[in-house]
Amino acid sequence: MNLSILIPLLNEEESLNELYNWIIKVMQSHNYTYEIIFLDDGSTDNSWAIIEGFANENPHVKGVRFMKNFGKSQALHAGFAKAQGYVIITMDADLQDSPEEIPGLYDMITNGKYDLVSGWKKKRYDSVVAKNLPSKLFNWAARKTSGVELNDFNCGLKAYKNIVVKNIEVSGEMHRYIPVLAKNAGFGKIGEKVVQHQARKYGETKFGMERFINGFLDLITIWFLSRFGKRPMHLFGAMGSVMFIIGFMLAGYIGISKLYHMYNDMRYSLVTNNPWFYIALTTMVLGTQLFLAGFLGEIILRTKNNEERYKVSSEVNFL
């Protein structure tokens with residue numbers, strides 16, 4: 001199978017028919033073998049009924065429906081597990097991503113030998129203050145922190161080799177950072193393609209300004225996980241050991257200094273009257289706690305259970 005097209009959605013009943021017909025037109029004009037997987041993230045409108053209608057008339061259309069809204073990352077995780085195509089395309093259901101871009105993305109994966117190609121909406125039709133400027137700042141920070149040179153991490157239109165999506169774990173709100181996750185997993189050939197951005201035709205955006213705040217917090221998380229996620233003791237243990245040694249040496253100095261003054265009949269004060277004693281004690285306690293945090297992190301990492309992060313209520317056209 002050439003293509004798996006994954007479409008996560010939430011309450012997009014108005015755009016689904018137009019999007020479906022547009023994708024089918026592109027598939028037929030290029031003679032692709034394909035599957036379209038709609039990922040209904042707990043819609044409360046008629047989105048799922050429309051998807052079931054597509055599936056009844058077209059065996060290439062499949063659907064997964066969540067019991068409630070679990071988030072886009074969880075929807076993509078479910079889709080990645082189901083996808084069978086050699087190239088996986090992800091796109092949003094709001095018609096802001098153009099299906100006409102699919103052949104170009106497919107060609108870059110198959111002929112350009114890219115592991116992953118991300119869309120870049122160079123010209124956008126969003127609010128400059130509310131979305132464009134925060135997005136530019138967010139993308140700059142993501143590039144500097146991750147080392148992945150992409151201009152648009154937030155673009156939902158992306159293409160992947162099948163082997164990539166089967167070897168990355170998308171959780172929380174990490175869908176923005178799939179290129180970073182892919183890089184950390186060892187897939188180094190990551191490309192970018194300028195794609196057309198269309199003004200939203202129906203409904204309202206499901207993401208507000210909070211997504212940029214969450215995005216920056218997730219960026220810090222993924223930076224930490226990429227460096228210390230497998231070895232938390234390397235960070236917490238090292239910091240704890242350094243702090244404990246500093247505190248121990250400081251306490252030793254205070255004690256030796258008092259003994260020296262006592263031995264030479266010099267004036268001295270109680271150790272507890274020396275503020276440096278409390279600084280040394282606090283440093284040793286914090287160092288011990290950090291060391292234990294690293295130790296506990298290692299234990300949790302080795303005993304954690306991979307619990308389901310979402311619940312599926314319905315599926316169509318999956319064997």
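Keep in mind the model is a prediction, meaning the values are calculated, not measured. The residues of the chain are indexed from 1 along the displayed sequence.
Closest approach of Leu39 to Ala75, counting heavy atoms only: CD1-O, 3.3 Å. The shortest heavy-atom contact between Met91 and Ile102 is SD-CD1, 4.2 Å. Heavy atoms only, all atoms of each residue included: Met67 and Ser313 are closest at CG-CB, 3.5 Å. Heavy-atom minimum distance, Val148 versus Arg143: O-CG, 3.5 Å. Between Ala251 and Ala280 the shortest heavy-atom distance is N-CB, 3.8 Å. Taking every heavy atom of both residues into account, Val195 and Cys155 meet most closely at CG2-SG, 4.3 Å.
Around NZ of Lys25, the count of heavy atoms belonging to other residues, nucleotides or ligands within 6.0 Å does not exceed 12. Within 6.0 Å of CZ on Phe295 lie no more than 12 heavy atoms contributed by other residues, nucleotides or ligands. Atom CZ of Phe318 sits in a crowded spot, with more than 12 heavy atoms from other residues, nucleotides or ligands closer than 6.0 Å. For CE of Met1, the number of neighbouring non-hydrogen atoms (other residues, nucleotides, ligands) closer than 6.0 Å is greater than 12. No more than 12 heavy atoms of other residues, nucleotides or ligands lie within 6.0 Å of CD1 in Ile163, so this atom counts as exposed by the packing criterion.
Rounded to the nearest 0.5 Å, atoms CE (Met108) and CG (Leu116) are 10.0 Å apart. In this structure, CG on Asn139 lies 11.5 Å from CD on Glu149, to the nearest 0.5 angstrom. Atom-to-atom distance recorded for Phe38:CZ and Leu6:CG is 11.0 Å, nearest 0.5 angstrom. Interatomic distance, CG of Asn162 versus OH of Tyr86, reported as 9.5 Å (0.5 Å rounding). Rounding to the nearest 0.5 Å gives a distance of 10.5 Å between OH of Tyr278 and CD1 of Ile254. Atom CD1 of Ile23 sits about 4.0 Å away from atom CG of Leu19, to the nearest 0.5 Å.
Tracing side-chain contacts under 4.5 Å through hydrophobic residues (I, L, V, M, F, W, Y), one never reaches Ile245 starting from Leu290; they form parts of separate clusters. If you chain together hydrophobic residues whose side chains sit under 4.5 Å apart, Phe80 and Val312 fall into the same group. Side-chain heavy atoms closer than 4.5 Å link hydrophobic residues (I, L, V, M, F, W, Y) into clusters, and following such links, even through other members, never connects Ile246 to Phe244.
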Next on the checklist: Between Tyr260 and Asn264, does the side-chain contact (heavy atoms from CB on, under 4.5 Å) criterion hold? Intermediate values first, please.
Outcome noted: CA-CA 6 Å; Tyr260 175 80; Asn264 292 283; 3.2 Å; yes
Checklist entry - Please walk me through it: do Phe153 and Val180 pass side-chain contact (heavy atoms from CB on, under 4.5 Å)? => result CA-CA 9 Å; Phe153 283 83; Val180 183; 3.9 Å; yes
Checklist entry - Can Met243 and Phe291 be said to form a side-chain contact (heavy atoms from CB on, under 4.5 Å), step by step? => result CA-CA 10 Å; Met243 289 188 71; Phe291 186 89; over 6 Å; no
Next on the checklist: Using side-chain contact (heavy atoms from CB on, under 4.5 Å), reason through Val316 and Trp48 one step at a time and then give a plain yes or no.
Outcome noted: CA-CA 10 Å; Val316 290; Trp48 182 248; 4.0 Å; yes
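The aromatic rings of Phe70 and Phe66 sit perpendicular to each other, their planes meeting at more than 60°, with 30° as the lower class boundary.
For the residue pair Ser118 and Glu192, no side-chain donor N or O sits within less than 3.5 Å of a side-chain acceptor on the partner.
Of the listed residues (Ile24, Ile36, Asn317), just one forms a side-chain contact (heavy atoms from CB on, under 4.5 Å) with Asn58, and that residue is Ile24. Partner of Leu157 under the side-chain contact (heavy atoms from CB on, under 4.5 Å) criterion, out of Ile89, Val117, Asp92: Ile89 alone.
Looking only at side-chain heavy atoms (C-beta outward), Leu150 and Trp120 stay at 4.5 Å or farther from each other. Two residues are said to be in side-chain contact when any heavy atoms from C-beta on lie closer than 4.5 Å; Asn151 and Lys122 fail this criterion. Counting heavy atoms from C-beta on, the side chains of Lys258 and Asn274 never come closer than 4.5 Å. Counting heavy atoms from C-beta on, the side chains of Leu16 and Asn46 never come closer than 4.5 Å. With a 4.5 Å cut-off on side-chain heavy atoms, Gln74 and Asp41 do not count as touching. Residues Val87 and Tyr32 fail the side-chain proximity criterion, which asks for heavy atoms closer than 4.5 Å. Here the side chains of Ile51 and Leu9 are in contact, with some heavy-atom distance below 4.5 Å. Residues Tyr160 and Ile178 form a side-chain contact, since some pair of their non-hydrogen atoms from C-beta on lies under 4.5 Å apart.
When atom types are taken as modelled, the side chain of Asn21 and the backbone of Asn17 share a donor-acceptor pair closer than 3.5 angstrom. Between the side chain of Asn11 and the backbone N or O of Ser43, no donor-acceptor pair lies under 3.5 Å. Here the side chain of Lys189 pairs a donor or acceptor atom with the backbone of Gly112 at under 3.5 angstrom. In terms of modelled atom types and a separation under 3.5 Å, the side chain of Lys166 and the main chain of Ala81 share a donor-acceptor contact.
Judged by the 6.0 Å and 45° rule, Lys161 forms no cation-pi pair with Phe187.
Looking at Lys82 and Glu35, no side-chain N of the basic residue comes within less than 4.0 Å of a carboxylate O on the acidic one, giving no salt bridge.
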